[in-house]
2 protein chains.
Amino acid sequence: MTIAHPEGLKPRKTPRQARSEVTVEAIFEATIQVLLTEGLRRLTTTRVAERAGVSVGTMYQYFPHKQALLYAVLRRHLDAVAKAVETAGGRYRGQPIATIANGLVAAFIDAKAARADVSRALYLVAAGLDTSELLDGMSRRIHDATATLLESAADAEFDELPLVTFTLLSAMFGTVRMIFERGATPATWRGLRAHLPAMCRAYLRETATEKRPAPTPPVPPSRKTTRPGK
Amino acid sequence: MTIAHPEGLKPRKTPRQARSEVTVEAIFEATIQVLLTEGLRRLTTTRVAERAGVSVGTMYQYFPHKQALLYAVLRRHLDAVAKAVETAGGRYRGQPIATIANGLVAAFIDAKAARADVSRALYLVAAGLDTSELLDGMSRRIHDATATLLESAADAEFDELPLVTFTLLSAMFGTVRMIFERGATPATWRGLRAHLPAMCRAYLRETATEKRPAPTPPVPPSRKTTRPGK
DNA sequence: ACCTGAACACCGTTCAAGT
DNA sequence: ACCTGAACACCGTTCAAGT
């Protein structure tokens, strides 16, 4: 559950007194505020400290450098997203792939949209940091939850589960990310909310080998599994 | 064809003598080299100037600030990608959607993979810059080329062409981007090269209304078009 | 026309001194 | 234990002086 911090990005000390917990919390909140009001480019250690009502020195007592601070903020957000997908994984277990695809996309989009402004700001933060280990950890949680979910599907089996999971998630992550980085219109958002699940369903139907004959629809899924080689 | 520079990101002057053209070219090349060997974080105006064999002052004669320099390098690369998709658009006009999907994905991946290291480095650059106008311009070219291509498909018509184009491209862009930002294994690359087109084909088949009865396959496409509203 | 590089303002980070 | 803020090193940017 806990993701290891890459060396050097650890918080410098853990708060031991009530006073310092308040301080750390204030620093977190100030970081997000400065990020949203001033932008990443103008996010300065001095500015964050000022906004948090502490001195720069205090900040450096908890975070060895600016990167570590941003890293910690990013980590919080990604953790919430991973949790959302894991929860969805529990809820849709054993359902048909259509339901799974819809549920998964909805959970992911909702988690991001809940704090859309923060999400958007953090994409920039993530790019400027060495986040490979953090993203690896979060991706693994989400990947595992998704693979387990797909494996439990009532009406389908997958020959290459890891690759299917990876492709599916890449499209989901990437699409939503794309939307966030450029400001999408509400119309685009609505459109995507329908078309992204549609794409996922179509893909899963294409790559699945049927487990039992589906009850209602007369449409036969393709029999051959797609081969990844070359 | 030419994309307007956002205010303030214009090159400061255009080279008028052969000497300065050489200088600018050296600066471009130096930027990419420093980016690849030192990373974005250690990319310093002094370092780039040194590597290019000119003084900082000279650099500032051509680029008003560091951002403008990075912007220009990014612009070059994106232009090459847009050109690749436009070319593919010409080549696959009037083909069946399966062929179009395959060709489009291949063209895009190839364009990125051609200079994979530069691609990777530039994703970081793009995130740290105000690139909305640049990306809007490039996206428009790619979007237009793709929409025209889809409209020409021999075996399908699309009720909501703009939304379909957008969703398709988002998945493509996003997926490839995802791969680039984290180092993907060759196996993953090969897998994706097969599965990403498969996903695109499945999606297009799902959202298309058939133009003429397909000749070979007995699989009927779904008749109802997916509705984007809520 | 084009180039140089010392000089300036600003930001990340430290550390001796405080409570 | 926790906090302060002047001090230092480094980076982006400028501009008077050169060819």
Side-chain angles (χ1 to χ4, degrees), chain A residues 7-31 34-35 37-74 124-125 128-130, chain B residues 7-31 34-35 37-74 124-125 128-130:
Chain A
E7 206 46 50
L9 285 178
K10 283 189 232 297
R12 186 165 266 173
K13 64 191 278 190
T14 321
R16 304 206 175 279
Q17 292 188 1
R19 176 165 53 146
S20 59
E21 261 183 59
V22 173
T23 302
V24 170
E25 194 49 43
I27 294 175
F28 273 128
E29 195 48 45
T31 307
V34 173
L35 209 51
T37 58
E38 310 266 352
L40 180 57
R41 189 145 228 111
R42 302 196 60 202
L43 186 143
T44 278
T45 48
T46 324
R47 244 186 279 270
V48 170
E50 189 180 25
R51 175 116 199 176
V54 298
S55 82
V56 235
T58 300
M59 262 191 50
Y60 276 85
Q61 216 164 12
Y62 297 99
F63 305 96
H65 42 248
K66 190 181 157 186
Q67 284 184 66
L69 171 64
L70 293 172
Y71 189 92
V73 172
L74 178 63
L124 294 186
V125 170
L129 254 47
D130 181 22
Chain B
E7 206 46 51
L9 285 179
K10 281 189 233 299
R12 186 165 266 172
K13 63 189 279 188
T14 323
R16 303 204 176 280
Q17 292 187 2
R19 176 164 54 145
S20 59
E21 262 183 58
V22 173
T23 303
V24 170
E25 195 49 44
I27 294 174
F28 273 127
E29 196 46 45
T31 306
V34 173
L35 209 51
T37 58
E38 309 267 353
L40 180 57
R41 190 145 228 113
R42 302 197 60 204
L43 185 143
T44 276
T45 48
T46 323
R47 244 185 280 269
V48 170
E50 190 180 23
R51 174 116 200 178
V54 298
S55 82
V56 236
T58 299
M59 262 191 51
Y60 276 84
Q61 217 165 11
Y62 296 99
F63 305 96
H65 42 251
K66 189 180 158 187
Q67 284 184 65
L69 171 64
L70 293 172
Y71 188 92
V73 172
L74 178 62
L124 294 186
V125 169
L129 254 44
D130 180 21

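Atoms considered below: every heavy atom in the structure, side chains included; atoms not considered: hydrogens, waters and symmetry mates. Proteins get letters first, then strands, A, B, ... in listed order; numbering begins at 1 in each. Everything quoted here is computed from the prediction, not taken from an experiment.
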Item to complete: Could you grab the distance from atom CD of A:Q61 to atom CD1 of A:I27, nearest 0.5 Å is fine?
Response: 9.5 Å

Practice prompt. Compare the minimum distances between each of C:dG12, D:dT4, C:dC3 and the side chain of A:T44, then state the nucleotide with the smallest one.
Written response: C:dG12

Worksheet item: From C:dG12, C:dC2, D:dC11, pick the nucleotide closest to the side chain of A:T45?
Response: C:dG12

Worksheet item: Looking at the side chain of B:S55, which of D:dG5, C:dG5, D:dT4 is the nearest nucleotide?
Response: C:dG5

Discussion item. What is the distance, to the nearest angstrom, from the CD atom on A:Q61 to the P atom on D:dC2?
Written reply: 7 Å

Item to complete: To the nearest 0.5 Å, tell me how far A:R42 CZ sits from A:T37 OG1.
Response: 9.0 Å

Practice prompt. Write down the partner of D:dC2 under the Watson-Crick or G-U wobble criteria, each distance required to be under 3.5 Å.
Written response: C:dG18

Worksheet item: Quick one: A:R42 CZ to D:dG12 P, roughly how many Å, whole number?
Response: 18 Å

Item to complete: State whether B:T46 places a side-chain N or O below 4.0 Å from either non-bridging phosphate oxygen (OP1 or OP2) of D:dC10.
Response: no

Worksheet item: On DNA chain C, nearest-nucleotide positions of A:T58 versus A:L43: which is more 5'?
Response: A:L43

Discussion item. From the set D:dG12, C:dT13, C:dC2, return the single nucleotide nearest to any side-chain atom of A:H65.
Written reply: C:dT13

Worksheet, complete the sentence: Atom CZ of B:R41 and atom C1' of C:dT13 are separated, to the nearest Å, by 13 Å

Worksheet entry | d(CD, B:E38; C1', D:dC11) in whole Å | 14 Å

Worksheet item: Rounded to whole angstrom units, what separation is found between the CD atom of A:E50 and the P atom of C:dG12?
Response: 13 Å

Worksheet item: Where do A:V34 and A:R47 come nearest, in terms of heavy atoms and distance?
Response: CG2-O, 4.3 Å

Item to complete: Look at the side chain of B:K66 and decide which nucleotide, out of D:dC3, D:dG12, D:dT4, has an atom nearest to it.
Response: D:dG12

Worksheet item: How many Å lie between CD1 on B:I27 and C1' on C:dT4, as a whole number?
Response: 13 Å

Worksheet, complete the sentence: B:Y62 and B:S20 have their tightest heavy-atom pair at OH-CB, 2.6 Å

Worksheet item: Hey, does A:V54 reach any base, or is it just sugar-phosphate, or nothing, if we go heavy atoms under 4.0 Å?
Response: sugar-phosphate

Practice prompt. Using a 4.0 Å heavy-atom cut-off across all strands, classify A:R47 as base, sugar-phosphate, or nothing.
Written response: sugar-phosphate

Practice prompt. Let me know the distance between OH of B:Y60 and P of C:dC3, rounded to the nearest Å.
Written response: 16 Å

Practice prompt. Report the distance from atom CE of A:M59 to atom P of C:dC15, rounded to the nearest whole Å.
Written response: 17 Å

